[in-house]
Amino acid sequence: MAMLDKTYRPAEVEPKHYERWEAQGAFAAHTDSNAVPYTIMMPPPNVTGSLHMGHALTFTLQDVLIRYRRMTGKDALWQPGTDHAGIATQMVVERQLEAQKVTRHDLGRDNFIKRVWEWKAESGGTITRQLRRLGASPDWAKERFTMDEGLSAAVRKVFVTLHRQGLIYRAKRLVNWDPKLHTAISDLEVEQREVKGHMWHFRYPVEGLENTYITVATTRPETMLGDSAVAVHPEDERYADLVGKMVRLPICNRLIPIVADEYSDPTKGTGAVKITPAHDFNDFQVGIRHDLPQLNIFDRDARTNDEVPEGYGGLDRYDARKKVVEQFEALGLLDKIEPHTHMVPYGDRSGVVIEPWLTDQWFVDAATLAKPAIEAVESGRTRFVPRHWENTYFEWMRNIQPWCISRQIWWGHQVPAWYGPDGAFFVEETEEEAKAAASKHYGHDVDLSRDTDVLDTWFSSALWPFSTLGWPEKTPELARYYPGDVLVTGFDIIFFWVARMMMMGIHFMGDVPFKDIYIHALVRDEKGQKMSKSKGNIIDPLDLIEKYGCDALRFTLSALAAQGRDVKLAESRVEGYRNFATKLWNAARFCQMNECRPVAGFDPGAVKETVNRWIVAKTAELAAKVGTAIEGYRYDAAAGGAYQFVWGTFCDWYLEFAKPIFNGADEGAKAEARATAAWVLDQILHVLHPLMPFITEELWGQIAERGGDLMLRFWPALDGLAAPEAEEEMDWVVRVISAVRGVRSEMNVPPSAQVDLLVSGLAEAKRGWARTHADLITRLARLTAFEAQSSSERVAQASSHGAAQMVVDEATLVMPLGGVIDVDKERARLDKEIARLEGEIAKVDKKLGNADFIARAPEEVVAEQRERRDDWAGAVAKLREALERLSGA
RNA sequence: GGGCGGUUAGCUCAGCGGGAGAGCACUACGUUGACAUCGUAGGGGUCACUGGUUCAAUCCCAGUACCGCCCA
């Protein structure tokens with residue numbers, strides 16, 4: 001085996017392994033295997049997308065899960081794919097056309113759609129290529145696209161079925177109309193933004209009463225052109241005698257009624273509110289209650305149509321507003337204008353103000369579908385992690401509104417409905433079936449025209465957990481991998497997507513689409529700000545990968561993914577974990593230099609040396625800890641535990657312990673230490689693999705000849721390796737070394753100074769420990785000699801000439817420093833230590849002196865406190881003796 | 001207005017009824033044959049505030065303040 005380079009070079013290593021893994025089919029699920037399946041449905045990124053930090057987080061977390069489960073022997077399916085992202089994709093292609101000064105209308109529908117497919121063929125692979133750079137290991141052979149033939153068939157089937165069940169219907173309703181994109185959008189695609197505007201107070205003359213006016217306040221003066229009524233609260237005495245009278249609407253010169261309706265809030269504005277049923281959601285409801293006409297005054301561009309008085313037609317809504325206000329002022333009917341901050345709806349894609357507009361649209365009866373989806377979470381068949389997201393889910397699902405699923409765009413699944421000459425429609429999966437149905441209906445063949453609308457992108461996404469597995473066909477995949485084990489996603493799409501998958505999954509599959517829903521937080525910048533182009537604080541994951549390596553980024557995201565917290569990403573963290581990768585690399589290099597080669601048939605349970613039994617036990621703990629953490633979605637604990645072990649235990653202590661052995665003469669000990677170190681390193685590579693797939697695979701291959709890739713190996717099953725007595729012994733060694741190092745540093749004993757260490761009062765049982773580890777303690781504490789059992793005369797003599805003394809358990813360590821040491825300083829140090837311990841003792845004494853504590857606290861807690869007090873008291877006594885011995889110096 | 005989170009070391013965050021923790025940053029020392037992308041040691045906190053429950057509260061409960069997010 002060639003020697004490892006001095007540093008790890010991720011850029012050279014990553015593509016090499018990824019390509020081999022993929023080519024060898026290492027990511028594939030095995031439908032015909034006997035293993036227990038484990039399924040994650042990848043939230044399909046937009047086909048227009050490119051990898052951002054949110055993707056990096058979510059896909060890293062999913063990849064950690066899938067790699068871990070694959071290693072534990074599950075038949076792991078991570079189902080990948082992309083989403084056609086209707087509006088977003090159409091906008092991208094339209095923007096390209098715009099550069100050529102062409103509109104989609106110039107091309108016509110068919111050509112435009114062809115153009116989008118061409119674009120998809122060219123650029124649609126960006127996001128999946130980038131996912132590969134992240135090390136994601138989904139079953140690429142199963143990659144799907146929401147508009148591919150199979151998924152489109154599923155969409156048609158679902159639409160037709162729900163329509164027959166009365167759960168999809170067509171209706172003329174007020175919808176959120178985007179006047180820029182010329183389509184309806186769903187409530188969820190509307191963003192409410194706080195806007196500083198005005199409140200205009202208009203006086204409407206009451207018909208039949210001289211000089212009597214009712215004043216209405218509005219933030220949208222232009223809509224008065226479509227007013228159908230004025231509403232006051234039924235109990236508002238100010239207006240009681242006006243209810244039932246008519247108002248003559250200025251400008252329009254129409255008569256509209258004054259109605260009593262609880263929608264009017266007497267405490268707001270004037271208490272009288274104008275009602276425009278065709279352009280406001282609340283007013284629409286009032287209109288229904290009072291049977292008011294719905295007067296539509298806008299066209300699809302939100303310009304006034306010809307329903308408005310002469311001179312007002314064809315105006316942009318804001319020009320119309322200006323003109324209406326001017327006219328009111330001219331008429332002396334403008335009472336006042338107040339500054340007013342209110343919420344205004346904006347289209348999340350177009351960024352323009354949404355206009356409530358009366359149109360024919362297709363709706364899903366979401367309330368009906370939501371019921372079993374709510375029940376599934378209530379009963380725990382599907383579980384949110386962290387739990388509190390259930391509240392968010394319930395809140396929305398219990399107040400769910402009809403879902404407007406039709407969009408007046410071209411890119412998407414066209415609604416499978418065909419219209420006859422009289423407007424009757426036929427909802428069928430194919431045109432042939434629609435024709436047949438129409439013939440039956442009319443008694444003869446007729447020409448049909450297909451509905452031009454397409455479906456909301458989220459409609460097809462809602463089917464993702466089963467449509468990707470081949471539904472409506474009864475495929476082996478569908479039987480095997482549905483329901484999924486976990487959905488990993490961000491909270492921002494609980495409504496858009498999670499809720500809808502729950503509804504559709506339960507309705508069509510009769511079972512929930514996944515057992516767990518792991519909701520992770522948003523990635524923010526280090527100051528906690530949302531990353532956005534306008535703020536210029538975007539961190540590109542690919543830049544970080546290039547700079548620090550993919551594993552460093554993955555490890556960082558995992559380490560920061562604590563449940564219930566946003567991920568605040570500081571580049572310094574990535575750098576720190578890159579250093580961790582380097583540390584691991586060099587530990588492996590050290591092992592290699594010392595000929596630590598994996599030994600065939602090595603039995604970790606059979607090692608004899610204490611250090612080895614100790615590290616074997618610690619390694620077993622590590623594997624269990626990391627496995628449990630990943631299973632509990634505690635990525636932070638998994639990463640933290642691995643980091644702590646590799647750096648803080650393996651490198652800082654075990655390898656240091658091993659050095660004297662490697663350099664010693666005991667060949668047996670050397671051989672065992674080498675084999676153990678190699679074994680531990682192998683276990684580390686396994687355990688870190690889900691988090692850091694590349695460096696672990698690389699080391700795996702470089703350290704020894706192997707039978708195959710690390711990624712397809714089994715997770716370490718290390719039972720029965722606990723060694724509490726070895727742990728106790730090595731902990732003692734660590735305490736001794738730490739004590740010496742601490743005192744050396746505090747007393748300014750330079751590393752070069754030659755010092756001995758004497759031991760006094762060491763318990764009989766520990767003398768063997770001291771002898772066994774004398775070399776090791778000597779080396780790590782930088783001593784010249786370590787006297788495990790010193791005579792009291794020697795101790796007394798040494799300390800009377802000046803010595804640093806430290807108490808470890810029942811023993812006192814004495815470091816003779818005659819002539820070097822500042823005795824006053826050492827006294828002060830001992831005094832300080834005594835004072836600290838006495839403070840602790842006082843605290844415990846207070847507790848132990850409390851009769852209630854003794855009576856009520858659990859026995860073991862009381863015993864623990866007593867033990868602790870005894871230990872401290874013993875230490876204080878020894879420190880006093882040490883002071884005493886110093887008195888002669 | 002309703003709901004949900006958060007407030008612990010300078011920064012980013014763990015912990016969660018019985019001795020305050022990590023990483024980064026900081027200070028001092030250090031090229032000891034894996035690693036300076038490193039080593040050793042150290043300083044730094046009335047765990048937001050006020051009450052309550054408890055033998056015992058950073059941890060549980062209630063309230064307050066401030067910050068963030070979602071919904072209306």
Side-chain angles (χ1 to χ4, degrees), chain A residues 3-4 6-8 187-188 192 281-282 343 386-392 394-396 399 491-492 494-495 521-522 524 526-530 548-549 552 556 559-594 596 634 636-637 639-641 643-644 647-648 651-652 655-656 658-659 662-663 737-738 740-752 779-782 839-841 843-844 846-858 860-862 864-865 867-869 871-872:
Chain A
M3 191 67 186
L4 286 172
K6 197 166 173 186
T7 50
Y8 169 57
D187 297 346
L188 287 174
Q192 301 290 334
F281 287 97
N282 289 309
M343 303 304 276
R387 193 68 182 268
H388 67 255
W389 289 108
E390 289 178 4
N391 295 326
T392 305
F394 286 142
E395 175 65 20
W396 190 69
N399 298 297
F491 60 82
D492 48 332
I494 291 178
F495 304 146
L522 238 53
R524 299 170 177 280
E526 58 189 309
K527 294 187 200 101
Q529 302 223 17
K530 211 165 166 170
Y548 301 106
T556 306
L560 294 180
Q563 286 183 9
R565 283 253 196 183
D566 281 343
V567 175
K568 288 184 203 160
L569 186 69
E571 193 170 321
S572 62
R573 292 299 291 258
V574 188
E575 193 186 344
Y577 292 123
R578 186 274 318 265
N579 295 352
F580 174 62
T582 307
K583 187 75 179 175
L584 173 66
W585 184 264
N586 278 289
R589 190 159 166 267
F590 173 78
C591 289
Q592 194 184 42
M593 291 170 79
N594 286 283
C596 305
R634 293 301 311 261
D636 57 330
Y643 183 97
Q644 167 56 36
W647 203 315
C651 292
D652 286 351
L655 292 183
E656 293 302 325
K659 282 176 185 174
F662 291 154
N663 296 328
I737 294 166
S738 299
V740 175
R741 283 172 172 174
V743 167
R744 284 186 74 121
S745 169
E746 203 174 337
M747 298 307 294
N748 300 319
V749 180
S752 53
R779 178 175 167 129
L780 296 194
R782 305 182 59 79
E840 298 289 351
I841 290 168
K843 268 197 265 177
V844 178
K846 200 174 156 200
K847 257 189 205 176
L848 291 170
N850 181 347
D852 282 333
F853 173 68
I854 304 294
R856 295 178 184 245
E860 62 272 19
V861 171
V862 177
E864 194 196 346
Q865 298 287 326
E867 196 178 334
R868 196 179 295 163
R869 192 204 182 283
D871 288 350
W872 285 334

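Each chain gets a letter, A, B and so on, in the order the sequences are listed, and its residues count up from 1. Predicted model only: the values in this text are computed from it and were never measured.
- A:P750 comes within 4.0 angstrom of nothing in the nucleic acid, heavy atoms only.
- With hydrogens and angles disregarded, a donor-acceptor distance shorter than 3.5 Å links the side chain of A:N850 to the backbone of A:D852.
- With A:R744 contributing its side chain and A:R782 its backbone, the two residues share a donor-acceptor pair below 3.5 Å.
- Residue A:N586 holds its CG atom at 9.5 Å from CE of A:M593, rounded to the nearest 0.5 Å.
- Ring pair A:F491/A:W389 is parallel by interplanar angle, where below 30° counts as parallel and above 60° as perpendicular.
- Nearer the 5' end of RNA chain B, as judged by each residue's closest nucleotide, is the contact made by A:A559, out of A:W872 and A:A559.
- What separates CZ of A:R387 from P of B:rG3 is a distance of 20 Å, to the nearest Å.
- Of the candidate nucleotides B:rC70, B:rG18, B:rU32, B:rC70 has the atom lying nearest to any side-chain atom of A:F495.
- Taking atom CZ of residue A:R589 and atom C1' of nucleotide B:rG33, one finds them 10 Å apart after rounding to whole Å.
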Could you go step by step and tell me if A:K843 and A:K846 meet the side-chain contact (heavy atoms from CB on, under 4.5 Å) rule?
CA-CA 5 Å; A:K843 268 197 265 177; A:K846 200 174 156 200; 5.8 Å; no

Can you check salt bridge (charged side-chain N to carboxylate O under 4.0 Å, His left out) on A:R634 and A:D636, steps first, answer last?
CA-CA 5 Å; A:R634 293 301 311 261; A:D636 57 330; 3.0 Å; yes

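- When each of A:A587 and A:Q192 is assigned the nucleotide of RNA chain B with its nearest heavy atom, A:A587 is the one assigned upstream, toward the 5' end.
- For the P atom pair drawn from B:rC26 and B:rA65, the interatomic distance equals 39 Å after rounding to whole Å.
- Going from the C1' atom of B:rC13 to that of B:rU7 covers 13 Å, rounded to whole Å.
- The same atom, P, is picked in B:rU64 and in B:rC4; the two are 14 Å apart, to the nearest Å.
- B:rA22 and B:rG44: their P atoms are spaced 14 Å apart (whole Å).
- Counting atom types as modelled, A:K659 pairs a side-chain N or O with a base atom of B:rA34 as donor and acceptor under 3.5 Å.
- Separating the CD atom of A:E395 from the P atom of B:rC70 is a distance of 15 Å, rounded to the nearest angstrom.
- When distances are taken from the side chain of A:M593 to each of B:rG30, B:rA34, B:rG18, the shortest belongs to B:rA34.
- Remark: the separation of the P atoms in B:rG18 and B:rG45 is 23 Å, to the nearest Å.
- Residue A:R573 places its side chain closer to B:rU12 than to any other of B:rU32, B:rC69, B:rU12.
- Listed candidates were B:rG30, B:rG5, B:rG23. Nearest to the side chain of A:Y643 is B:rG23.
- Proximity of a side-chain donor or acceptor of A:Q592 to a complementary backbone N or O of A:L4 within less than 3.5 Å is detected.
- Rounded to an integer number of Å, the gap from A:L560 CG to B:rC24 P is 13 Å.
- Ring geometry, A:Y577 versus A:F580: the interplanar angle exceeds 60°, so the pair is classed perpendicular (tilted spans 30 to 60°).
- For the P atoms, the distance from B:rG5 to B:rG23 is 30 Å, rounded to whole Å.
- Of the candidates B:rC4, B:rG18, B:rA34, the closest approach to any side-chain atom of A:H388 belongs to B:rC4.
- Atoms CD and CZ, on A:E571 and A:R578 in that order, are 10.0 Å from each other to the nearest 0.5 Å.
- Atom CG of A:L522 is separated from atom C1' of B:rC67 by 16 Å (rounded to the nearest Å).
- A:D871 places its CG atom 12 Å from the C1' atom of B:rG19, with the value rounded to the nearest Å.
- The CG atom of A:N579 sits 5.5 Å away from atom CH2 of A:W647, with the distance rounded to the nearest 0.5 Å.
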Within the 4.0 Å limit for protein heavy atoms, which parts of nucleotides 36-48 of chain B are touched? Write it as a string from 5' to 3', B for base, S for sugar-phosphate only, - for none.
-BSSSS-------

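- Of the residues A:E746, A:M747, A:R741, the one that meets the side chain to side chain contact (heavy atoms under 4.5 Å, CB included) test with A:V743 is A:M747.
- Comparing B:rC55 with B:rA14, their C1' atoms sit 29 Å apart, to the nearest whole Å.
- If you take CZ of A:F491 and C1' of B:rC71, they are 13 Å apart, rounded to a whole angstrom.
- Using a 4.0 Å heavy-atom distance criterion, A:C591 is classed as making no nucleic acid contact.
- Here, B:rU8 and B:rG3 have their P atoms 25 Å apart, quoted to the whole Å.
- When heavy atoms are screened at a 4.0 angstrom cut-off, A:E864 is found touching no nucleic acid atom at all.
- The base of B:rA34 is paired with the side chain of A:E656 by a donor and an acceptor separated by under 3.5 Å.
- Stems are defined here as 3 or more consecutive Watson-Crick or G-U wobble pairs with pairing distances under 3.5 Å; those involving RNA chain B are B:1-7 with B:65-71, B:10-13 with B:21-24, B:26-30 with B:38-42, B:48-52 with B:60-64.
- Among the heavy atoms of the strands, none lies under 4.0 Å from A:R744.
- In this structure, CG of A:N748 is placed 11 Å from P of B:rG30, rounded to the nearest angstrom.
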Can A:Y8 and A:T582 be said to form a side-chain contact (heavy atoms from CB on, under 4.5 Å), step by step?
CA-CA 6 Å; A:Y8 169 57; A:T582 307; 5.7 Å; no

